[in-house]
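The structure appears right after this line, and notes come after that.
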4 protein chains.
Amino acid sequence: MARTIGSHGPRTMEAIRKAGLKLIYEHGFEAMSLRQLAAEVGIQVGSLYNHISTKEDLLYDLIRTHMDELFLQFDAAMAAVDGQGPEERLRAFVAFHVTYHIVRKREVFIGASELRSLEPNHYEDIVSLRRRYERRLIDILDQGEAAGLFRCGDAHVAAYGILSMLTGVCTWFRPHGRLTKEQVIAMYSDQVLGGLMGPRGP
Amino acid sequence: MARTIGSHGPRTMEAIRKAGLKLIYEHGFEAMSLRQLAAEVGIQVGSLYNHISTKEDLLYDLIRTHMDELFLQFDAAMAAVDGQGPEERLRAFVAFHVTYHIVRKREVFIGASELRSLEPNHYEDIVSLRRRYERRLIDILDQGEAAGLFRCGDAHVAAYGILSMLTGVCTWFRPHGRLTKEQVIAMYSDQVLGGLMGPRGP
Amino acid sequence: MARTIGSHGPRTMEAIRKAGLKLIYEHGFEAMSLRQLAAEVGIQVGSLYNHISTKEDLLYDLIRTHMDELFLQFDAAMAAVDGQGPEERLRAFVAFHVTYHIVRKREVFIGASELRSLEPNHYEDIVSLRRRYERRLIDILDQGEAAGLFRCGDAHVAAYGILSMLTGVCTWFRPHGRLTKEQVIAMYSDQVLGGLMGPRGP
Amino acid sequence: MARTIGSHGPRTMEAIRKAGLKLIYEHGFEAMSLRQLAAEVGIQVGSLYNHISTKEDLLYDLIRTHMDELFLQFDAAMAAVDGQGPEERLRAFVAFHVTYHIVRKREVFIGASELRSLEPNHYEDIVSLRRRYERRLIDILDQGEAAGLFRCGDAHVAAYGILSMLTGVCTWFRPHGRLTKEQVIAMYSDQVLGGLMGPRGP
DNA sequence: GATGAATGAGAATTCATTCAT
DNA sequence: TATGAATGAATTCTCATTCAT
């Protein structure tokens with residue numbers, strides 16, 4: 001007998017993506033079995049293959065979609081400070097990055113920790129998108145440096161440091177914890193700005 | 001850990017640890033098979049069990065050893081600034097943390113990304129060590145805050161941010177890259193100190 | 001066979017038979033998947049079942065059709081030498097068999113090598129048709145033996161040998177190769193006739 | 001718990017080869033599952049992989065071993081007629097080929113019908129051995145033709161015909177059937193020799 | 001200590017087939 | 001008739017682990 005009633009094609013695919021996101025986040029991509037995934041979705045293992053072509057392909061799909069969304073939301077967020085100075089733009093970047101990494105913490109975590117499991121082509125694709133995103137921050141730092149506002153030392157290294165610091169929130173931030181998202185953003189904005197504009201060492 | 005006394009026993013165990021470190025770093029713990037490991041060491045799979053009791057046990061051994069080493073070296077490094085002020089101690093912390101994370105980048109990476117694969121007991125053990133290490137930094141921040149030197153907002157969150165930023169070096173730092181380790185330490189020291197002592201936002 | 005009446009039904013069924021013939025010849029029946037078959041035809045897998053009832057059923061249909069055609073053409077070919085002597089009839093048999101096995105090499109190949117995959121009933125059906133065909137040759141040999149023309153030793157065994165020899169052409173004959181079909185027929189006629197009428201061993 | 005008592009390594013491998021030969025002959029390579037094979041041997045499926053590296057590899061091993069044996073026995077058989085004339089050598093060839101194809105009918109059958117399932121490299125390897133074997137017969141025919149004894153028409157085509165005829169015995173010969181192996185050899189020797197030395201067509 | 005052969009569970013993937021739309 | 005999504009059993013192969021030798 002075929003087909004349980006309900007759950008049409010697109011709906012099933014959406015369920016697979018959702019379940020995949022959850023399970024990969026919780027157990028890691030290698031550790032997640034398609035058995036688990038199918039069970040979570042409520043279909044048979046073989047039925048997965050009506051929607052995905054490969055386990056790796058699901059991973060790529062999730063990460064790629066996340067990267068696309070990242071750029072989409074980034075552009076929207078930065079549009080609000082278009083034409084403004086490097087300080088305002090850096091503050092906007094911090095606010096956006098922290099927000100996105102809190103709201104999409106699972107996508108973000110997977111997108112950073114499971115790259116190893118991508119096929120070479122897919123790997124290259126994602127890595128180049130990540131570089132392009134880093135570049136966005138580096139550009140802001142360069143502008144700030146050019147304007148005599150920031151002292152970065154090295155814009156690339158400063159950017160890596162800032163990104164690492166901000167991205168960390170997806171690890172420890174708890175929605176109803178001691179601090180609100182806004183407080184964290186305020187703190188980290190000060191810390192980042194202070195780091196680039198503050199006093200130099202001994 | 002199943003360290004067995006014998007003729008070339010310790011030597012073999014050391015080879016297993018070395019190979020395990022390499023393979024787990026390269027492929028991830030789940031993705032590394034004991035067959036690969038045995039091949040890398042140059043023995044048969046079955047022989048591994050004369051030295052380890054479990055695959056998971058090897059992972060725990062590697063991480064635990066790394067944590068012990070971390071504390072050992074931390075204590076040695078901080079002894080040099082014993083009795084000095086928070087700023088000197090924070091600079092010493094930055095220097096130590098960056099150095100360790102560059103030199104032991106594989107241990108550090110595994111110790112952060114493969115915790116998921118530990119048994120509950122082992123997991124708790126390592127996580128509490130990590131918390132204890134974080135605590136060391138938080139203490140410095142607290143002292144700086146108490147002394148009116150630092151404005152952290154929230155010492156825990158500030159510490160997480162600093163740790164994330166500094167730990168990032170194990171991902172991107174290349175020994176013969178554009179910047180030396182010392183330059184990176186100088187930059188990040190300024191950035192961290194500036195972040196805590198610099199101007200506040202709008 | 002599940003030939004369904006309809007608009008482009010027969011055309012689709014013909015396409016399925018053609019594609020099936022090709023794929024089974026190339027990969028073997030077990031190795032051919034219905035997915036491959038559907039793709040070759042240009043429809044979806046499920047749609048195949050509007051035309052066939054079973055994978056095995058398609059195989060039987062192909063082989064059975066081939067056997068029917070074999071007898072049809074055999075009768076037509078032998079009608080031309082009706083009433084003539086065993087030698088002429090044997091030459092006609094050789095010419096017919098070689099021709100058919102060159103022209104229909106895929107059907108012939110499948111009809112010999114994929115019998116194993118037929119259901120018991122279908123298997124019996126085809127095997128009995130094959131025996132009936134062999135019988136046609138044995139009859140000719142018997143007549144030649146009775147007429148004092150041939151010395152077969154054992155008509156069955158002689159027939160098996162002749163059939164094997166002639167059937168072999170479907171394996172190695174290439175349409176534009178060194179020899180024409182007519183040359184092969186001439187050679188093999190001589191060889192077969194010589195074998196039955198030639199000198200006896202030591 | 002590991003290992004059932006008995007059945008050491010080489011013995012197990014021999015059992016696998018024997019069971020593989022039987023099952024592939026009976027069901028075909030594609031249709032034989034490793035489940036079946038393991039069950040026939042009396043071990044678990046996974047244990048097969050202590051002895052073979054791949055299902056295809058087992059097939060290659062069986063066929064390659066058969067080809068090696070074929071040449072070994074061929075050389076031994078032909079040594080007995082070394083230095084004799086083409087007629088004696090052809091009779092020896094017929095006797096050898098028929099005998100081998102009766103005694104090793106399963107190896108022979110597999111070696112002809114399952115080539116499709118070999119990897120390209122393995123396929124090439126076996127096909128070239130088969131060509132080399134055909135060459136042995138062609139050489140005899142060429143010598144007979146040169147000596148004015150045989151009229152082949154085309155030595156290659158004649159050889160293919162002879163090989164097909166003789167090889168056929170592995171399909172229909174039954175050890176305790178109507179004819180003994182010796183009778184079949186005698187008949188086919190006459191038929192082959194007659195075919196090459198007998199009268200030419202109309 | 002090392003080896004090689006075993007286990008049994010589990011991996012991803014493919015298969016023929018069904019059927020509501 | 002065709003489609004797409006489902007089933008459930010089967011496929012080859014890999015895994016960590018055990019243990020007699």
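Computed from heavy atoms alone, side chains included, the values below leave out hydrogens, waters and symmetry copies. Throughout, a chain's letter reflects where its sequence line sits, starting with A, and its residues are numbered from 1.
Contacts between residues 53-60 of chain D and DNA chain F, defined by a heavy-atom separation under 4.0 Å, are made by D:Thr54, D:Lys55. Heavy-atom distances under 4.0 Å link DNA chain F to C:Ile43, C:Gln44 of residues 24-44 of chain C, given in residue order.
In terms of the side chain to side chain donor-acceptor pair (under 3.5 Å) criterion, B:Glu124 has no residue partners (sequence neighbours excluded). Every residue was checked against the salt bridge (Lys or Arg N to Asp or Glu O under 4.0 Å) condition with D:Arg130, not counting sequence neighbours, and none meets it. The salt bridge (Lys or Arg N to Asp or Glu O under 4.0 Å) search around D:Asp57 returns none, not counting sequence neighbours. Looking at residues two or more places apart in sequence or on another chain, you find a side-chain contact (heavy atoms from CB on, under 4.5 Å) between A:Tyr123 and A:Leu115, A:Leu118, A:Val127. Residues passing the side chain to side chain donor-acceptor pair (under 3.5 Å) test with B:Glu56 are B:His122, sequence neighbours excluded. Evaluation of the salt bridge (Lys or Arg N to Asp or Glu O under 4.0 Å) rule for A:Lys18 yields no partner, not counting sequence neighbours. Here A:Glu30 pairs with nothing under the salt bridge (Lys or Arg N to Asp or Glu O under 4.0 Å) rule; sequence neighbours left out.
Remark: C:Ser47 is in phosphate contact with F:dT3, judged by side-chain N or O atoms under 4.0 Å from OP1 or OP2.
Rounding to whole angstrom units, NE2 of residue C:His51 and C1' of F:dT3 are separated by 12 Å. C:Glu119 has its CD atom 15 Å from the P atom of E:dA16, to the nearest Å. If you take CD1 of A:Ile16 and P of F:dA5, they are 10 Å apart, rounded to a whole angstrom.
Checking D:Ile52 against A:Leu48, the closest nucleotide of DNA chain F that is more toward the 5' end is the one next to A:Leu48. Of the two residues near DNA chain F, B:Gly46 and C:Val45, the one whose nearest nucleotide lies more 5' is C:Val45.
Consecutive Watson-Crick or G-U pairs involving DNA chain F, each under 3.5 Å on both distances, make up stems of three or more pairs at E:2-21 with F:2-21.
When distances are taken from the side chain of D:Tyr49 to each of F:dT17, E:dA5, F:dC13, the shortest belongs to F:dC13.
Applying the salt bridge (Lys or Arg N to Asp or Glu O under 4.0 Å) rule to pairs touching residues 108-120 of chain B yields A:Glu114-B:Arg116, A:Arg116-B:Glu114, sequence neighbours excluded.
In this structure, the side chains of D:Tyr60 and D:Thr54 stay at 4.5 Å or more apart for every pair of heavy atoms.
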Donor-acceptor contacts under 3.5 Å from residues 35-43 of chain B side chains, at least two apart:
unit_1, atom_1, unit_2, atom_2, d
B:Gln36, OE1, B:Ser33, N, 3.0
B:Glu40, OE2, B:Lys22, NZ, 2.8

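Between D:Glu14 and D:Arg11, none of the side-chain N atoms (NZ, or NE/NH1/NH2) sits under 4.0 Å from a carboxylate O, so this pair counts as no salt bridge.
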